[in-house]
Amino acid sequence: QVQLVESGGGLVQAGGSLRLSCAASRLTFSIYTMGWFRQAPGKEREFVAAIKWSGNSIDYADSVKGRFTISRDNAKNTVYLQMTSLKPEDTAVYYCAADKFGSDYRVVSRYDHWGQGTQVTVSS
């Protein structure tokens with residue numbers, strides 16, 4: 001059974017930084033597009049960032065562009081999300097997800113596997 005395990009969330013003051021990690025197991029990690037999504041209370045899950053298998057194709061939501069950086073290490077089966085200049089509106093549960101085909105990677109339903117999520121709270 002595929003496992004995606006997120007870590008690195010926590011409480012941080014506005015303007016601070018956090019680095020999320022997502023360790024994958026029981027899948028051929030290097031062929032999957034990996035995405036980060038987030039869900040705030042009372043809101044729908046939304047796209048944050050995605051990176052294709054080679055790491056050469058990356059996309060970000062406009063709300064995080066210039067502040068967040070997605071990367072991956074295929075040798076470690078891990079994808080990262082470096083978050084800087086955090087704002088209170090970034091507060092959410094952050095999920096990583098794996099998509100085997102890599103199309104429509106902004107769409108929640110396209111992803112085959114999901115992690116349990118990690119809470120990020122940004123205080124003002």
Side-chain angles (χ1 to χ4, degrees):
Q1 186 174 350
V2 172
Q3 280 193 323
L4 301 176
V5 180
E6 301 95 337
S7 60
L11 173 64
V12 63
Q13 288 189 330
S17 299
L18 283 173
R19 188 195 197 204
L20 305 183
S21 299
C22 172
S25 59
R26 302 189 185 101
L27 81 169
T28 308
F29 180 80
S30 60
I31 69 171
Y32 278 77
T33 290
M34 299 300 296
W36 285 98
F37 289 76
R38 66 187 182 187
Q39 188 166 18
K43 294 189 176 181
E44 292 189 353
R45 194 168 296 189
E46 65 174 4
F47 170 77
V48 174
I51 183 168
K52 291 210 169 182
W53 65 273
S54 65
N56 291 336
S57 181
I58 290 174
D59 193 21
Y60 298 98
D62 288 345
S63 58
V64 307
K65 202 170 290 184
R67 301 188 297 122
F68 290 11
T69 302
I70 189 171
S71 61
R72 67 190 294 161
D73 185 337
N74 286 346
K76 295 183 178 180
N77 284 7
T78 302
V79 62
Y80 305 97
L81 186 68
Q82 178 69 49
M83 306 186 294
T84 63
S85 301
L86 282 161
K87 305 174 181 180
E89 50 264 43
D90 294 319
T91 295
V93 177
Y94 283 71
Y95 299 89
C96 74
D99 172 13
K100 190 171 185 179
F101 298 102
S103 61
D104 298 327
Y105 48 75
R106 288 177 171 244
V107 179
V108 170
S109 61
R110 300 296 298 183
Y111 284 78
D112 307 297
H113 308 289
W114 291 85
Q116 299 271 24
T118 185
Q119 176 71 47
V120 171
T121 303
V122 184
S123 63
S124 57

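Count residues from 1 along the sequence.
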query = What distance separates Gln82 CD from Leu20 CG, expressed to the nearest 0.5 Å?
reply =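 Here the rounded value is 8.5 Å.
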ask   = Which pairs, with at least one residue in residues 48-68 and sequence neighbours excluded, count as a salt bridge (charged side-chain N to carboxylate O under 4.0 Å, His left out)?
value =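 Salt bridge (charged side-chain N to carboxylate O under 4.0 Å, His left out) check on residues 48-68 returns Asp59-Arg106, Asp62-Lys65, Arg67-Asp90.
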Please table the atom pairs, donor to acceptor, closer than 3.5 Å between any side-chain atom in residues 107-123 and protein atoms at least two apart or in another chain.
from: Arg110; atom 1: NH2; to: Ser103; atom 2: OG; distance (Å): 2.9
from: Tyr111; atom 1: OH; to: Tyr105; atom 2: O; distance (Å): 2.7
from: Asp112; atom 1: OD2; to: Lys100; atom 2: N; distance (Å): 2.8
from: Thr118; atom 1: OG1; to: Gly9; atom 2: N; distance (Å): 3.2
from: Gln119; atom 1: NE2; to: Ala92; atom 2: O; distance (Å): 3.4
from: Gln119; atom 1: NE2; to: Thr121; atom 2: OG1; distance (Å): 3.3

ask   = Under a 4.5 Å cut-off applied to non-hydrogen side-chain atoms, are Val64 and Met83 in contact?
value =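 Of all side-chain heavy-atom pairs linking Met83 with Val64, none is under 4.5 Å.
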query = Does a side-chain heavy-atom distance below 4.5 Å link Tyr95 with Leu4?
reply =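 With C-beta onward as the side chain, the pair stays apart.
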task = Provide the closest heavy-atom pair for Pro88 versus Ala14 in the form atom of the first, atom of the second, distance.
result =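 Taking Pro88 first and Ala14 second, the nearest heavy atoms are CD-CB, 4.1 Å.
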request  = For Arg72 and Phe29, work out which heavy atoms get closest and say how close.
outcome  =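 Smallest interatomic distance, heavy atoms only, reads NH2-O, 2.8 Å.
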request  = Could you pull out all residues at least two apart from Ser71 that satisfy side-chain contact (heavy atoms from CB on, under 4.5 Å)?
outcome  =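 For Ser71 the side-chain contact (heavy atoms from CB on, under 4.5 Å) partners, ignoring immediate neighbours, are Tyr80.
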Residue pairs fulfilling disulfide (SG to SG under 2.5 Å) with at least one residue in [range], sequence neighbours excluded:
range	result
residues 30-71	none
residues 9-116	Cys22-Cys96
residues 57-95	none

Please answer: with hydrophobic residues joined when any side-chain heavy atoms are less than 4.5 Å apart, are [X] and [Y] in the same cluster?
X	Y	value
Val5	Leu18	no
Met34	Val93	no
Ile70	Val48	yes

ask   = Can you list every pair that meets ring-ring contact (aromatic ring centres under 6.0 Å, His included) and has a residue in residues 50-75, with sequence neighbours left out?
value =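 Of all non-adjacent pairs touching residues 50-75, none passes ring-ring contact (aromatic ring centres under 6.0 Å, His included).
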key: Glu89: partners by salt bridge (charged side-chain N to carboxylate O under 4.0 Å, His left out), with sequence neighbours left out   =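 Checked Glu89 against salt bridge (charged side-chain N to carboxylate O under 4.0 Å, His left out); zero matches.
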inquiry  = Testing Glu46, Glu44, Glu6 one by one against Arg38 for a salt bridge (Lys or Arg N to Asp or Glu O under 4.0 Å), which residue passes?
reply    =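 Result for salt bridge (Lys or Arg N to Asp or Glu O under 4.0 Å) with Arg38: Glu46.
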key: Pairs flagged by side-chain hydrogen bond (donor to acceptor under 3.5 Å, both in side chains) wherever residues 7-35 is involved - sequence neighbours left out   =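 For residues 7-35, and leaving out neighbouring residues, the side-chain hydrogen bond (donor to acceptor under 3.5 Å, both in side chains) pairs sorted by first residue read Gln3-Arg26.
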